[in-house]
Amino acid sequence: MTHRVTVKVAGLQPVQLLAALAGIAFIVFGVVGFVRTGVGDWSVHAFVLGFSVNPLHNLVHVVVGVLGLLMALGSGLARLYGWLLFLGYGVTFVWGLMITGIVAQNPVSEFGNPLALNTNDNWLHLGLAVFGLLLAVLPARRKLIEEEEPVLPEQRSAAFRDDRDGPITKEQEPITKEQAVIDPKTDKVSKADLKDKIKH
């Protein structure tokens, strides 16, 4: 019997689990930030575990967290979430270096520091960018599925009748309707009658 082997993604993927955990962490961090800064005055900034935040920064964390939870529903979406983290936080890391003066030239200095970034934020954003890249390239866990291919009935050769009759010999050559004498009781050809008919 022929077997066909296919490769399929095996259930919940590690990348989905990591994306969901990251989403939860972002939401928690954003909510804690809102507790520290409030939501009324968007110019206020505070510190959470040494990281500088303000209401806009907190909102970004909550949005990124919700996005992570939604995109964790699919393996491909979770990897796309990783690419978004990598690109978004990679750009924010470079921008933070400009804001904090590590990189001298800031081409967007007219925007100021809307997210209240500090040096600790920069290194956190670098770590998040690397984490996003890890999600994006994390291999899928797959499994082999072996399926039996259906067996098609074999075509019967013209040289053979039913298996019970065996191969056709010269004595068993087919006869025409005119030659056949059918017994009405059995609906079968009577060989004796057939021989008599052939003699006459």
Side-chain angles (χ1 to χ4, degrees), residues 6-145:
T6 55
V7 180
K8 293 185 179 179
V9 174
L12 184 67
Q13 296 294 306
V15 67
Q16 292 174 262
L17 185 60
L18 289 174
L21 291 174
I24 293 170
F26 275 116
I27 291 172
V28 169
F29 197 80
V31 170
V32 170
F34 274 124
V35 170
R36 299 297 302 273
T37 63
V39 294
D41 187 0
W42 288 68
S43 63
V44 173
H45 78 275
F47 292 92
V48 177
L49 300 175
F51 302 107
S52 178
V53 294
N54 64 7
L56 179 59
H57 202 159
N58 297 330
L59 180 62
V60 169
H61 286 152
V62 171
V63 169
V64 171
V66 170
L67 190 64
L69 288 178
L70 292 175
M71 297 185 81
L73 296 176
S75 175
L77 287 174
R79 285 183 179 77
L80 178 58
Y81 179 65
W83 284 117
L84 293 176
L85 288 181
F86 173 66
L87 295 173
Y89 280 102
V91 169
T92 307
F93 167 68
V94 173
W95 187 29
L97 293 180
M98 296 175 183
I99 288 173
T100 56
I102 296 176
V103 174
Q105 188 175 2
N106 184 358
V108 289
S109 57
E110 64 271 15
F111 293 108
N113 189 0
L115 297 177
L117 300 176
N118 66 5
T119 303
N120 289 345
D121 290 323
N122 291 341
W123 301 121
L124 174 63
H125 295 156
L126 176 61
L128 291 173
V130 172
F131 175 73
L133 182 61
L134 173 67
L135 287 184
V137 300
L138 195 65
R141 189 181 62 214
R142 300 177 185 276
K143 64 180 178 181
L144 297 178
I145 298 177

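Source: prediction; values computed, not measured.
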Point to revise | Atom pair CG (Asn118) and NE2 (His45), whose distance is rounded to the nearest 0.5 Å | key: 8.0 Å
Study note, to complete from the structure: When rounded to the nearest 0.5 Å, the distance separating CG of Leu69 from CZ of Phe26 is 11.0 Å
Check your understanding: Is the backbone of Leu115 close enough, under 3.5 Å, to the side chain of His57 for a donor and an acceptor to pair up by distance?
Key -> yes
Study note, to complete from the structure: Distance col, row Leu126:CG vs Phe93:CZ, nearest 0.5 angstrom, shows 4.5 Å
Point to revise | Interatomic distance, His61 atom NE2 to Leu56 atom CG [nearest 0.5 angstrom] | key: 10.0 Å
Check your understanding: Is there a donor in the side chain of Asn120 and an acceptor in the side chain of Ser52, or the other way round, less than 3.5 Å apart?
Key -> no
Practice item. Using the side-chain contact (heavy atoms from CB on, under 4.5 Å) rule, take Leu67 and Leu84 through it: C-alpha gap first, then chi angles, then the decisive distance, then the call. Key: CA-CA 10 Å; Leu67 190 64; Leu84 293 176; 4.2 Å; yes
Point to revise | Given Leu97, Thr92, Ile99, Val94, the one that forms side chain to side chain contact (heavy atoms under 4.5 Å, CB included) with Asn122 | key: Leu97
Review point. Can you check whether Gly96's main-chain N or O pairs, donor with acceptor, with Asp121's side chain at less than 3.5 Å?
Key: no
Practice item. Working to the nearest 0.5 Å, report the span between CD of Gln16 and CG of Leu135. Key: 11.0 Å
Practice item. Using the side chain to side chain donor-acceptor pair (under 3.5 Å) rule, collect all pairs that involve residues 77-91, keeping only residues at least two apart or in two chains. Key: Ser75-Arg79
Check your understanding: Roughly how far apart are Phe51 CZ and Phe29 CZ, rounded to 0.5 Å?
Key -> 6.0 Å
Review point. So do Phe131 and Leu85 actually touch side chain to side chain, heavy atoms under 4.5 Å?
Key: yes
**Study point:** Test side-chain contact (heavy atoms from CB on, under 4.5 Å) applied to Leu80 and Met71, step by step
**Key:** CA-CA 8 Å; Leu80 178 58; Met71 297 185 81; 3.6 Å; yes
Check your understanding: If you measure only the distance, is there a donor-acceptor pair under 3.5 Å linking the side chains of Asn58 and Thr37?
Key -> yes
Point to revise | Worked verdict on Phe86 versus Leu128 for side-chain contact (heavy atoms from CB on, under 4.5 Å) | key: CA-CA 7 Å; Phe86 173 66; Leu128 291 173; over 6 Å; no
Review point. Would His125 and Leu117 count as a side-chain contact (heavy atoms from CB on, under 4.5 Å) if you check the C-alpha gap in whole Å, the side-chain angles of each, and the deciding distance to 0.1 Å?
Key: CA-CA 10 Å; His125 295 156; Leu117 300 176; 3.4 Å; yes
Check your understanding: At their closest point, which heavy atom of Ala78 faces which heavy atom of Ala72, and how far apart are they?
Key -> CB-CA, 4.4 Å
